[in-house]
Undergrad: 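Pasting a structure here, questions to come.
Note that this is a predicted model, so its numbers are computed, not measured. Atoms within a ligand are numbered from 1 in the order they appear, just like the ligands themselves. All values below were derived from every heavy atom in this structure, side-chain atoms included, with hydrogens, water molecules and symmetry-related copies excluded.
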Amino acid sequence: VDGSANGTGTTLYAGTTSIPTFLSQGTYYLYDTTRGPDYIRTLSANGQNTLPGSYVTDADNNFSASNQRIAVSAHTGAVQVFDYFKGTHGRSSYDGNNASITSTVSYDDVPGGDGYNNAFWNGQQMVYGDGDGRTFSPLVELDIVAHELTHAVTGASAGLIYQNESGALNEAVSDIFAVMVDRDDYRVGEESYTPGTSGDALRYLDDPPAGDQPDHYADRYVGSQDNGGVHINSGIANKQAYLMMAGGTFRGQSVQSVGRGVTEKVWYRALTRYFTASTNFAGAREGTLQAAADLYGAGSSQARAVADAWAAVGVG
Ligand SMILES: Cc1cccc(C(=O)O)c1OC(=O)C1CC1
Ligand SMILES: [Ca+2]
Ligand SMILES: [Zn+2]
């Protein structure tokens with residue numbers, strides 16, 4: 001039982017006798033050894049930029065202090081994302097081999113500084129800023145955790161190079177699985193983005209332009225900012241996945257809804273079996289079409305929806 005900010009229970013380390021020697025008895029940790037990996041653990045950088053930082057502990061397992069709630073939100077999110085990839089896709093941790101997972105919160109929030117409006121997977125672990133309170137509150141909500149851990153999945157599978165079209169695809173894959181885990185909307189970052197403004201989000205898979213992103217290949221960004229627009233052009237693939245999930249007629253092209261269940265299966269199979277480091281949008285169309293053919297048949301309505309959704313956003 002935990003004092004989590006979002007109430008999703010997870011197994012926290014009770015101060016029992018069977019804990020690893022370096023953890024002190026009679027203290028509670030965000031340290032889960034019950035799911036296969038040696039550990040899923042969450043620490044804090046306490047505002048500094050040293051990783052992985054120090055354990056967030058509590059004497060009676062009531063993690064109710066604000067810094068503790070931030071850590072618990074990142075921790076329960078990591079556990080929920082682990083459970084998603086295991087339960088829905090049969091993937092044991094981000095590498096498929098039960099790699100342990102470390103998250104660090106409250107990174108680089110130098111006292112009197114402006115707060116760190118960022119979250120990232122650094123190749124070894126997840127790292128979250130506390131935000132500056134204006135652009136972001138702490139960036140530890142479920143869909144952000146899912147976005148970051150999916151970067152680890154991508155890194156351990158297709159390895160999509162983080163620039164230009166392969167980078168935009170890398171970003172889109174993270175946003176797509178973010179909304180598969182945080183399943184109640186098609187938006188990313190809605191809880192943490194601009195705490196002073198209600199109803200907005202960082203990105204909108206249903207309407208990428210609402211987040212200043214293109215939703216059609218003809219409108220793609222071709223400059224050099226943002227590693228060649230990886231957080232900009234991801235809107236094109238995000239829109240394609242949204243159209244698969246929800247259906248609709250977009251720019252004159254009708255798409256039949258296949259729902260989240262088919263969409264997540266098609267995109268997961270494409271990511272882990274067909275995408276490579278250099279896959280671009282045309283390659284993503286091929287890979288998702290092949291995945292749909294594998295799963296449902298080349299002439300299936302699911303494969304048709306994949307093709308129609310790519311056509312709607314101007315790819316293929
Ligand atoms: C806030 C932020 C800044 C820079 C990169 C990322 C990144 O992880 O690509 C980032 O986090 C996100 O996009 C998650 C979804 C909110
Ligand atoms: Ca969301
Ligand atoms: Zn990202």
Side-chain angles (χ1 to χ4, degrees), residues 6 8 49 70 73-74 76-78 80-81 84 94 103-109 114-195 198-208 210-213 225-238 241-242 245-246 260 263-264 267 271:
N6 53 19
T8 54
N49 53 16
I70 290 167
S73 186
T76 54
Q80 202 168 327
V81 178
Y84 167 78
Y94 60 84
S103 304
T104 299
V105 297
S106 304
Y107 178 80
D108 199 18
D109 186 11
D114 203 20
Y116 191 61
N117 291 320
N118 206 315
F120 59 96
W121 167 258
N122 74 353
Q124 281 78 40
Q125 65 161 97
M126 264 108 53
V127 185
Y128 301 96
D130 280 353
D132 62 7
R134 293 183 301 281
T135 303
F136 281 105
S137 56
L139 290 91
V140 290
E141 67 176 284
L142 180 59
D143 57 21
I144 297 181
V145 173
H147 178 103
E148 301 313 337
L149 196 50
T150 300
H151 278 309
V153 172
T154 297
S157 54
L160 289 160
I161 296 164
Y162 204 62
Q163 65 177 13
N164 303 329
E165 289 195 16
S166 57
L169 205 49
N170 185 316
E171 271 300 307
V173 164
S174 273
D175 280 350
I176 290 164
F177 286 103
V179 304
M180 295 302 179
V181 177
D182 180 33
R183 228 162 163 87
D184 60 352
D185 64 28
Y186 295 114
R187 299 176 176 194
V188 179
E190 64 279 351
E191 290 175 40
S192 314
Y193 187 61
T194 59
S198 63
D200 65 347
L202 179 65
R203 288 189 288 274
Y204 306 73
L205 277 76
D206 55 321
D207 185 26
D212 301 321
Q213 296 185 289
Q225 289 175 15
D226 184 31
N227 297 96
V230 301
H231 294 94
I232 302 169
N233 292 330
S234 53
I236 298 161
N238 283 358
Y242 165 73
M245 287 184 261
R260 286 175 191 253
T263 304
E264 66 195 335
W267 271 91
L271 174 69

Undergrad: Can you tell me which N/O/S atom of E171 has the shortest distance to the Zn ion (ligand 3)?
TA: OE2
Undergrad: Is the distance from the Ca ion (ligand 2) to some N, O or S atom of R187 under 3.0 Å?
TA: yes
Undergrad: Check A178 against D143 and note the closest heavy-atom contact, atom names and distance.
TA: CB-O, 3.2 Å
Undergrad: Determine the minimum heavy-atom distance between I176 and A237, stating which atoms define it.
TA: CD1-O, 4.2 Å
Undergrad: Can you name the N, O or S atom of D182 that is closest to the Ca ion (ligand 2)?
TA: OD2
Undergrad: Hey, does W121 have a side-chain heavy atom less than 4.5 Å from the side chain of Y94?
TA: yes
Undergrad: Among all protein non-hydrogen atoms, which one is nearest to atom 3 (C) of ligand 1, and what is the separation to 0.1 Å?
TA: N118 OD1, 3.4 Å
Undergrad: Taking only heavy atoms of H151 into account, list the atoms of ligand 1 that are under 4.0 Å away from them.
TA: 8 (O), 9 (O)
Undergrad: Give yes or no for whether the N/O distance cutoff of 3.5 Å, strictly under, is met between E171 and ligand 1.
TA: yes
Undergrad: Does H147 bring an N, O or S atom to within less than 2.8 Å of the Zn ion (ligand 3)?
TA: yes
Undergrad: Of the backbone atoms (N, CA, C, O) and the side-chain heavy atoms from C-beta on, which set of L202 has a member under 4.0 Å from an atom of ligand 1: side chain, backbone, both, or neither?
TA: side chain
Undergrad: Should the pair R187-D185 be classified as a salt bridge under the 4.0 Å nitrogen-to-oxygen rule?
TA: no
Undergrad: Please name the pair of heavy atoms, one in S166 and one in L160, separated by the smallest distance, quoted to 0.1 Å.
TA: O-CB, 3.5 Å
Undergrad: How close does the nearest protein non-hydrogen atom get to atom 13 (O) of ligand 1, and which residue and atom is it?
TA: R203 NH2, 2.8 Å
Undergrad: Identify the closest protein heavy atom to atom 14 (C) of ligand 1: which residue and atom is it, and at what distance?
TA: E148 OE2, 3.5 Å
Undergrad: By atom name, which N, O or S atom belonging to D185 lies closest to the Ca ion (ligand 2)?
TA: OD1
Undergrad: Tell me the closest heavy-atom pair linking Y186 and V179, and the distance in Å.
TA: C-CG1, 3.8 Å
Undergrad: Hey, which N, O or S atom on D143 ends up closest to the Ca ion (ligand 2)?
TA: OD2
Undergrad: At what distance is the nearest protein heavy atom to atom 5 (C) of ligand 1, and which residue and atom is it?
TA: H231 NE2, 3.5 Å
Undergrad: For atom 10 (C) of ligand 1, grab the closest protein heavy atom and report residue, atom and distance to one decimal in Å.
TA: A119 O, 3.5 Å
Undergrad: Nearest N/O/S atom of H151 with respect to the Zn ion (ligand 3), by atom name, please.
TA: NE2
Undergrad: Thinking salt bridges, do R203 and E171 make one under a 4.0 Å N-O criterion?
TA: yes
Undergrad: Please name the pair of heavy atoms, one in P138 and one in S192, separated by the smallest distance, quoted to 0.1 Å.
TA: O-OG, 3.3 Å
Undergrad: How far apart are the closest heavy atoms of E148 and F120, and which atoms are they?
TA: OE1-CA, 3.4 Å
Undergrad: Is the Zn ion (ligand 3) less than 2.8 Å from at least one N/O/S atom of E148?
TA: no
Undergrad: Can you tell me if an N/O/S atom from E190 lies under 3.0 Å from the Ca ion (ligand 2)?
TA: yes
Undergrad: What protein heavy atom sits nearest atom 1 (C) of ligand 1, and how far off is it?
TA: L139 CD2, 3.8 Å
Undergrad: Tell me yes or no: between the side chains of T154 and N170, is some donor less than 3.5 Å from an acceptor?
TA: no
Undergrad: With a cutoff of 4.0 Å, is Y162 in contact with ligand 1, counting heavy atoms of the residue only?
TA: yes
Undergrad: Which ligand 1 atoms are under 4.0 Å away from a heavy-atom of V188?
TA: 15 (C)
Undergrad: Do Q125 and T104 pair up side chain to side chain, a donor and an acceptor below 3.5 Å, judged on atom types alone?
TA: yes
Undergrad: Suppose the criterion is ring pair (Phe, Tyr, Trp, His ring centres under 6.0 Å): which pairs have a residue in residues 154-174, not counting sequence neighbours?
TA: H151-Y162
